[in-house]
Amino acid sequence: MTTLDQPTATAATPLTSRDRPVRRELGVANALSHGFLLLWGLLTVLPLLWMFISSFKTNGEILADPWGLPGALHLDNWARAWTGAHIGRYFLNSLVVVTGSVSLTMLMGATAAYVFARYDFRGRQVVYYLFVGGLMFPVFLALVPLFFVVRNAGLFNTWLGLILVYAAYSLPFTVFFLTAFFRTLPTSVAEAALVDGCGHFRLFFRVMLPMARPGMISVAIFNFLSHWNQFLLPQVLLQGDESKWMLAQGLFALSVSQGYAGDYARLFAGLSIAVLPVLAVYVAFQRQVQAGLTAGQLK
């Protein structure tokens with residue numbers, strides 16, 4: 001027989017002391033990870049900020065007080081870099097070549113990835129691993145044979161040759177990424193479209209490709225950044241004719257010449273012009289990139 005004075009069990013049990021060390025370890029790990037990310041962000045942002053500020057200074061201000069603010073905004077530095085150093089011409093050249101190479105890469109890569117992900121045929125895995133195997137070979141290992149192949153094809157010192165080379169070196173990553181993304185798309189939608197009389201060509205371009213938009217945007221941005229910042233391939237395949245140079249080549253020539261002339265303000269302005277498209281693309285499409293990278297995990 002029990003009495004009212006006896007203690008009764010409660011629904012909620014108090015936390016034991018064994019739970020506290022786990023929480024402390026998690027708190028320390030979070031603090032270390034956030035501190036590392038903060039340090040990484042400062043190491044990334046501060047040099048860019050210093051470069052933009054220096055692009056509005058005079059050469060005397062840069063040498064006398066490199067960490068100070070400019071006394072006035074000298075916008076003529078940007079004008080001299082755009083026209084005098086031909087950065088404007090190199091900027092437009094890079095824009096044309098990168099637009100063509102990214103478009104060609106996405107068209108060929110998406111088509112190949114869709115076939116690897118949705119169709120079963122003999123030798124599919126072999127061909128897929130041949131594509132993916134291209135990720136293991138750095139660009140500089142193939143520069144010498146690539147030079148002779150492009151020259152013998154009559155594409156040396158041409159934008160078309162550079163576009164084809166850019167697309168070829170971007171296809172392995174594009175196919176690898178998009179193949180995994182196409183596999184996450186619902187099969188029922190494709191089957192319903194085929195039942196309604198949609199052919200395979202229309203099924204890809206009208207149904208599956210719009211559904212793969214997040215992944216397409218993510219890969220396109222990665223390819224854009226890679227092609228825009230490429231220096232080694234243009235330096236090897238575009239020689240002699242400065243009117244066809246890419247932006248990286250123009251910046252390299254500007255840095256060499258300004259190192260002797262001492263016009264550092266124009267050099268910083270040219271670097272800022274080259275960085276602006278990269279920052280603009282990232283700011284405009286950062287949500288799409290995050291959605292594309294996590295879409296396969298959420299489905």
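The basis for the numbers below is simple: all heavy atoms, side chains too, and nothing from hydrogens, waters or symmetry mates. Every value quoted in this text rests on a predicted model; they were computed, and no experiment measured them.
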- Proximity of Phe177 and Phe222 rings by center, below 6.0 Å: no
- Ring centres of Phe205 and Phe201 under 6.0 Å apart? yes
- Query: What is the distance from atom NZ of Lys57 to atom CG of Leu63, rounded to the nearest 0.5 Å?
  - Reply: 10.0 Å
- Task: Give a yes or no on whether Phe176 atom CZ has more than 12 heavy-atom contacts from other residues, nucleotides or ligands under 6.0 Å away.
- Result: no
- Do any N or O atoms from the side chain of Ser94 and from the backbone of Phe91 form a donor-acceptor pair under 3.5 angstrom? no
- Query: What do you reckon, is CZ of Phe36 surrounded by more than 12 foreign heavy atoms closer than 6.0 Å?
  - Reply: no
- Task: Report, as yes or no, whether the 6.0 Å neighbourhood of atom CE on Met51 holds more than 12 heavy atoms from other residues, nucleotides or ligands.
- Result: yes
- Message: Centroid separation under 6.0 Å, is that true for the rings of Trp228 and Tyr166?
- Response: no
- Task: Determine yes or no for a side-chain-to-main-chain donor-acceptor pair under 3.5 angstrom, with Ser103 supplying the side chain and Gly100 the backbone.
- Result: no
Kindly list each side-chain donor-acceptor pair under 3.5 angstrom involving residues 152-160, sequence neighbours excluded, with atom names and distances?
| from | atom 1 | to | atom 2 | distance (Å) |
| --- | --- | --- | --- | --- |
| Asn152 | ND2 | Phe148 | O | 3.0 |
| Asn157 | OD1 | Gln239 | N | 3.3 |
| Asn157 | ND2 | Gln239 | O | 3.2 |
| Thr158 | OG1 | Leu155 | O | 2.5 |
| Thr158 | OG1 | Gly161 | N | 3.3 |
| Trp159 | NE1 | Lys244 | O | 3.2 |

- Message: Is there a continuous path of hydrophobic side-chain contacts, each under 4.5 Å between heavy atoms, that joins Leu49 to Val275?
- Response: no
- Message: Could you report the tightest heavy-atom contact between Ala269 and Ala81, atom names first, then the distance?
- Response: CB-CB, 4.0 Å
- Any side-chain donor paired with an acceptor under 3.5 Å for Arg118 and Thr187? yes
Pairs under 3.5 angstrom only: tabulate donor-acceptor contacts from the side chains of residues 247-254 to other protein residues two or more places apart or in another chain.
| from | atom 1 | to | atom 2 | distance (Å) |
| --- | --- | --- | --- | --- |
| Gln249 | OE1 | Met246 | N | 3.0 |
| Gln249 | NE2 | Pro234 | O | 3.2 |
| Gln249 | NE2 | Leu238 | O | 3.0 |

- Would you please indicate yes or no on a ring centroid separation below 6.0 angstrom for Phe56 and His74? no
- Item | Asn223 (side chain) donor-acceptor with Thr174 (main chain) under 3.5 angstrom | no
